[in-house]
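The structure under discussion appears below in the form of structure tokens.
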Amino acid sequence: MSNLGWYQWITTASKKVGGPLNLLAIFGGSCLAVGGTVGSVITNKYRDIKDKKELKTLGTYSVKKDAEIKKIKLVLKTGDQIAILAADDDSILIVKNGDKDNPYFVSADFLMGCSDYKGK
């Protein structure tokens, strides 16, 4: 290339594809396609790693009586398994097995009333 460098390359490439707007459209479309593909692959890998990761729990308990908290859309049915991730006074962080909307914060009284959880 001459001393014009990138300017010469850009003008030559623009002429080959029918003008600078077409060149920008090609670059933009290529970036979107590559970015979307890479983003999708990264997202899927993250979900796979997250799903395989075992959570450290303070215990796993069975639900003995149907219970519901409508405000947070938590429905526990008899036989469901729940795992406690953290507990602090009356607030308990639980994970319901097989639920996509995990985790949930519930009170200790609620949990003792519907499961075999007996408290700290």
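Within the structure, ring-ring contact (aromatic ring centres under 6.0 Å, His included) contacts touching residues 79-99 (residues at least two apart or in different chains) do not occur. Here ring-ring contact (aromatic ring centres under 6.0 Å, His included) pairs that include residues 56-100, with residues two or more places apart or in two chains, are Tyr61-Tyr117. Sorted by first then second residue, the side chain to side chain donor-acceptor pair (under 3.5 Å) pairs that include residues 71-80, not counting sequence neighbours, are Asp66-Thr78. For residues 104-115, the set of pairs meeting the side chain to side chain donor-acceptor pair (under 3.5 Å) definition, not counting sequence neighbours, comprises Asp99-Tyr104.
The CG atom of Asp101 sits 9.5 Å away from the CG atom of Leu74 when rounded to the nearest 0.5 Å. Here the CG-CG distance, from Leu93 to Leu58, works out to 9.5 Å after rounding to the nearest 0.5 Å.
Residue Val75 is found outside any hydrophobic cluster, as its side-chain heavy atoms come under 4.5 Å of no other Ile, Leu, Val, Met, Phe, Trp or Tyr.
Residues forming a side chain to side chain donor-acceptor pair (under 3.5 Å) with Glu68 (at least two apart in sequence, or on another chain): none. Judged as a side chain to side chain donor-acceptor pair (under 3.5 Å), and not counting sequence neighbours, the contacts of Ser62 are Gln81.
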**Q.** Derivation of the side-chain contact (heavy atoms from CB on, under 4.5 Å) call for Ile94 and Phe110
**A.** CA-CA 12 Å; Ile94 66 167; Phe110 171 79; 5.7 Å; no

If you look only at distance, which donor and acceptor atoms sit under 3.5 Å apart when one is on a side chain in residues 14-42 and the other is two or more places apart or in another chain?
residue	atom	partner	partner atom	Å
Ser14	OG	Ile10	O	2.8
Asn22	ND2	Val17	O	3.0
Asn22	ND2	Gly18	O	3.3
Ser30	OG	Ile26	O	2.8
Thr37	OG1	Ala33	O	2.8

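Counting heavy atoms from C-beta on, the side chains of Leu111 and Ile84 come closer than 4.5 Å.
Closest approach of Asp116 to Lys64, counting heavy atoms only: CB-CE, 3.8 Å.
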